[in-house]
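Here the structure comes first, spelled out in structure tokens, and everything after it is commentary.
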Amino acid sequence: MIPGPIEFAPEVMEKMGQPTISLLAPAFIESFGRCLEMMREVWQSSTGQPFIVAGSGTLAMDMAGANLVEAGDNVLVVSSGYFGERYAELLKRYGANVTLLKAEIGNVVPLEKVENELAKGGFKLMTFTHVDTSTGVLVEPKPMAELALKYNVLSILDGVCSVAGEEIKQDEWGIDVVITASQKAVGVPPGLALMVASQKAMAAWKNRKSPVSNYYSDWGNWLSIMQTHEARGISYFGTPPVNLIQALEVSLELILKEGLENRFARHQKLAASFRENLSGLNLKFVTENEAVRANTLSTFYFPEGVNGPDFLKRVGDNGVVIAGGLLTEIKTQYFRVGHMGIVNEEHIERTANAIEKALS
Ligand code: PMP
């Protein structure tokens, strides 16, 4: 019950364990092509360009940044935790002039503040985190995307802790790049960096004045690979993670079979149920404001007098693995519980019981 890697469906694990076939095998090319098609459905972007690359979520962040930023570009990073701050550091490596708007711990940056900053003008790009896994804060993407459109700024949504768990309508909301990684709500073991880039983002990349300074991340090396596989053809740039991509096909099928609306509703229900189960303990939320609580994880301060490592160990002794803190300022003061993917009501109850027992 940590916020990634999560528990994976047995069908997904079974696929992972199959003998690795050739990257040129027709069956693999079919899987790769299917994955790209299904990503468009899950991201709700029929017009965007999907990318599947071996790497973690940080590579997905890196790839979006490397392709869209040129030295001297002004970028607005709207941060609601650890991963927003990481994005600011990452983009500086590509020569961006980064303006970092940091939320108060456990909250979002108010929209007015974002708008005030954008209204100053000159920004090429804005990044924001859908669910920051360090704080459990959920940012509503739609109004943020509206601001990006209003001020003609490209937008990158870090959806590592949200894609396939929280609602995202990439085309309808007009978000330029939505990135994620395999190990969270997408439901595949760690190792895949995933993203869908809008045609506007692809045009911005094509119109760059300088070459992309990161060889592995350069869309120029990957675009034809994605296009060829979607057309069920053979092409090679770097050896694809065959088993992970086949497992992704299985997981995306499961996600679409459940139905996106059902899946988002189930995550909402489980999040509410988990918090309800714990309500008798009067734990203090890191996300004090109910309106900004994610459905994919919950974050609580340790009660006063409770030693964090001891508590986590006792929860573990009761058969449930949860996570400690991550955000530097409060790292030792809180814990995080993931509830995404194949999680069900029984897991929720067992987790709440383990927490209660450990505390008592
Ligand atoms: N962004 C968010 C919101 C995340 O939760 C994470 C991982 N926890 C990352 C980015 C980075 O992903 P990875 O650890 O796979 O590099």
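Numbering starts at 1 and runs along the sequence shown. Side chains included, hydrogens not; waters and symmetry mates left out as well; all remaining heavy atoms used. Every number for a ligand or one of its atoms is a count from 1 in the order of the listing. Model, not experiment: these values are computed from the prediction.
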Considering the heavy atoms of [X], write down every atom of ligand 1 situated less than 4.0 Å from one of them.
| X | value |
| --- | --- |
| K184 | 5 (O), 7 (C), 8 (N) |
| G57 | 12 (O), 13 (P), 15 (O), 16 (O) |
| S56 | 13 (P), 15 (O), 16 (O) |
| V131 | 3 (C) |
| M61 | 10 (C) |
| T133 | 2 (C), 3 (C), 4 (C), 5 (O) |

Partner set under side-chain contact (heavy atoms from CB on, under 4.5 Å) for E276, not counting sequence neighbours
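Partners of E276 under the side-chain contact (heavy atoms from CB on, under 4.5 Å) test: S279.
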
Which residue pairs satisfy the ring-ring contact (aromatic ring centres under 6.0 Å, His included) criterion with at least one member in residues 31-78, sequence neighbours excluded?
F28-F32, F32-H229, F51-W219

Side chains of S210 and E70: donor-acceptor distance under 3.5 Å anywhere?
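Looking only at side-chain atoms, E70 and S210 do form a donor-acceptor pair, the distance falling under 3.5 Å.
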
Decide whether the shortest distance between a heavy atom of Q183 and an atom of ligand 1 is less than 4.0 Å.
yes

Y334 ring center within less than 6.0 Å of F300 ring center
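They do not qualify: ring centres at least 6.0 Å apart.
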
Answer with yes or no after comparing the ring centroid distance for F302 and F311 against a 6.0 Å cut-off, counting only values under it.
yes

When distances are taken from atom 1 (N) of ligand 1, the protein heavy atom at minimum range is D158 OD2, 2.6 Å

Proximity to ligand 1 by part of T58, non-hydrogen separation under 4.0 Å:
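Looking at T58 and ligand 1, atoms from backbone and side chain both fall under 4.0 Å.
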
State whether the shortest distance between N or O atoms of R86 and N or O atoms of ligand 1 falls below 3.5 angstrom.
no

Is it the case that atom CD in E288 sees more than 12 heavy atoms from other parts of the structure closer than 6.0 Å?
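At most 12 heavy atoms, drawn from other residues, nucleotides or ligands, come within 6.0 Å of this atom.
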
Minimum heavy-atom distance M61-I179, with the two atoms named:
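Heavy atoms of M61 and I179 come nearest at CG-CD1, 3.3 Å.
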
